[in-house]
K.L.:
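This structure is in structure tokens; I'll ask about it shortly.
The model shown is predicted, which means the values in this text are computed figures rather than measured ones.
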Amino acid sequence: MDSDLKYIPEIGRGCSFRDDGFECSARPCGGCMKLHETQWLDGYPDNIPTDLVEVRFKNTRRSFYQNVNALPLKPGDIVAVEASPGHDIGVVSLTGDMVAKQIRRLGFTPFNGEYKKVYRLARPYDIERWQEAIALEHDTMIRSRRIAAEMGLNMKIGDVEYQGDKIKAIFYYIADERVDFRELIKVFAEQFRIRIEMKQIGARQEAGRIGGLGACGRELCCASWIPGFSSVTTNAARVQELSLNPQKLAGQCSKLKCCMVYEYDTYADARREFPRLREPLLSVDGEWHHVKNDILAGTMQFSSSKDTLANITTIPVSRVKEILAANRAGIKVDSLLGADTSAPAAEEPTYRSGSDEDSITRFDNRGGKRRRKARGDKSRGERQMRSDKPADRQAQGERPRNGGHRGDRRHHGRPHGEGDKNR
């Protein structure tokens, strides 16, 4: 019967609500939560028994709590947890050994060395109050933006999160410089009749809270799995030899893309094998100037001209080191390519497919062949028909076309002059 009832999803909290007029209830739903984890230890016994659980709240806010009452909690349970002041409502996201690994990965340290407690599983009354608090968030955010603009504060309030018991709210704001919001807090407390907590976030955190799709077509990393943000500089682009185009390097938050540091260590380690060239390579053919590197392939390209790209030659790093050692000894090598080094064949990029139906060139020449083939068949058929017509006429007792008289053809074989008599 419960499956027939309509649940309304709450985007950002990973749950959906139902209110049939008698009592409120909520259940977890997948696909709308941020910073999700993969339960890759699910199904295995716990090696280290622990009473700690991870509880998620709105968007990317999460924290760890102690299950002091030994409740049989599992991921997806909606619980009431300790807050300051009052209590908050959240959804259990991790239990068991995964909690200890997550704490170690994030470097989480509890306040004063004590974890906050899990009070109980959420009751219908708790869920009803929680749903009422959620309904106030959007209007509160709009009103708070107007108040901040009227006071002339250079800040942007990006989101508002109410506590589960509706006695406190967190205002997330973005500001480029230090903002004195002491007077603003007084106005907020007077207008909204709640406790106020101001929390400053950066552009990356705002993008993570809002969410969206990146240039790769997938959900933003800051909204899906990145719990913290490392510093990203243009040096990461230089090491990977990316184009220093701000429009391509910037993400939706107008900052450098976080994914630029994913392969930075791999490129940095590979670049250590490349020698630093301060002068051209010398050979009997002349001087060869460095053009570019292929870091992952371990090759370097050289040009015979300093100002233009001429006679581009690709050689491995080991061969470059040999030539440098010979040049420093005052020896010019016979050829840039050694005896054991062959120039890699330049292969033009093209589309290849196992089936001929998927080829993008399948219509290039077939049409002409078909037309020529059709024309050839037609001409051969016409010649055959012309060669067969005299034989057919002779077989039927008719005169050949060239041997008959025009009058005979006109009067269908009647004697000459018979037609004039009748006229």
K.L.:
Cation over ring, Arg143 on Phe192, under 6.0 Å and within 45°?
P.N.:
no
K.L.:
Looking at Gly202 and Ile174, what are the two nearest heavy atoms and their distance?
P.N.:
O-CD1, 4.3 Å
K.L.:
Kindly write out the residues that satisfy ring pair (Phe, Tyr, Trp, His ring centres under 6.0 Å) with Trp130, not counting sequence neighbours, or none if the list is empty.
P.N.:
Phe17
K.L.:
Give me the atom names and distance for the closest heavy-atom approach of Val333 to Arg319.
P.N.:
CB-NH2, 4.2 Å
K.L.:
Taking side chain as C-beta onward, heavy atoms only, is Trp288 less than 4.5 Å from Ser304?
P.N.:
yes
K.L.:
Which heavy atom in Ile323 sits nearest to a heavy atom in Leu282, and how many Å separate them?
P.N.:
CG2-O, 4.3 Å
K.L.:
How long is the straight-line distance from CD of Glu161 back to NZ of Lys199, given to the nearest 0.5 Å?
P.N.:
8.0 Å
K.L.:
For Phe302, enumerate each residue passing the ring pair (Phe, Tyr, Trp, His ring centres under 6.0 Å) test, keeping only those at least two apart in sequence or located in another chain.
P.N.:
His290
K.L.:
With sequence neighbours excluded, tell me which residues meet ring pair (Phe, Tyr, Trp, His ring centres under 6.0 Å) with Tyr119.
P.N.:
none
K.L.:
Test of understanding: with side chain to side chain donor-acceptor pair (under 3.5 Å), list the residues that count as partners of Arg120, not counting sequence neighbours.
P.N.:
Asp126
K.L.:
Mind checking side chain to side chain donor-acceptor pair (under 3.5 Å) for Asp285 and listing every partner two or more places apart, or none if nothing turns up?
P.N.:
none
K.L.:
Begin with the C-alpha distance, continue with both residues' side-chain angles, and end with the deciding distance and a verdict on side chain to side chain contact (heavy atoms under 4.5 Å, CB included) for Asp77 and Lys74.
P.N.:
CA-CA 6 Å; Asp77 288 340; Lys74 62 183 181 300; 3.2 Å; yes
K.L.:
Locate the shortest heavy-atom distance separating Ile194 from Ala169; write the atom from each residue and the value.
P.N.:
CD1-CB, 3.4 Å
K.L.:
Please identify each residue that fulfils ring pair (Phe, Tyr, Trp, His ring centres under 6.0 Å) with Phe171, with sequence neighbours left out.
P.N.:
Phe188
K.L.:
Could you list the donor-acceptor pairs under 3.5 angstrom formed by side chains in residues 80-93, with sequence neighbours left out?
P.N.:
unit_1: Glu82; atom_1: OE1; unit_2: Lys117; atom_2: N; d: 3.1
unit_1: Asp88; atom_1: OD1; unit_2: Gly164; atom_2: N; d: 2.8
unit_1: Asp88; atom_1: OD2; unit_2: Arg61; atom_2: NH2; d: 3.0
unit_1: Ser93; atom_1: OG; unit_2: Glu54; atom_2: O; d: 3.2
unit_1: Ser93; atom_1: OG; unit_2: Glu54; atom_2: OE1; d: 2.6
unit_1: Ser93; atom_1: OG; unit_2: Arg62; atom_2: NH1; d: 3.3

K.L.:
Could you work out, with side chain to side chain donor-acceptor pair (under 3.5 Å) as the rule, every residue matching Lys332, not counting sequence neighbours?
P.N.:
none
K.L.:
Which pairs, with at least one residue in residues 236-263 and sequence neighbours excluded, count as a side-chain hydrogen bond (donor to acceptor under 3.5 Å, both in side chains)?
P.N.:
Thr234-Arg238
K.L.:
Closest heavy-atom contact between Leu220 and Ala207?
P.N.:
CD1-O, 4.1 Å
K.L.:
What pairs with Pro275 under side chain to side chain contact (heavy atoms under 4.5 Å, CB included), at least two apart in sequence or on another chain?
P.N.:
Met300, Val317, Val320, Lys321, Leu324
K.L.:
Quick one: list whatever passes side chain to side chain donor-acceptor pair (under 3.5 Å) with Tyr264, sequence neighbours left out.
P.N.:
Asn235
K.L.:
Among residues at least two apart in sequence or on other chains, which ones pass side chain to side chain contact (heavy atoms under 4.5 Å, CB included) with Ala250?
P.N.:
none
K.L.:
Would you say Tyr173 and Ser144 are linked by a side-chain donor-acceptor pair, where the criterion is simply a distance under 3.5 Å?
P.N.:
no
K.L.:
Between Arg195 and Gln163, does the side chain to side chain contact (heavy atoms under 4.5 Å, CB included) criterion hold? Intermediate values first, please.
P.N.:
CA-CA 10 Å; Arg195 291 178 176 267; Gln163 195 168 279; over 6 Å; no
K.L.:
How many angstroms lie between CG in Asp51 and OG1 in Thr95, if you round to the nearest 0.5 Å?
P.N.:
12.0 Å
K.L.:
Determine the minimum heavy-atom distance between Leu249 and Ala237, stating which atoms define it.
P.N.:
CD1-CB, 4.0 Å
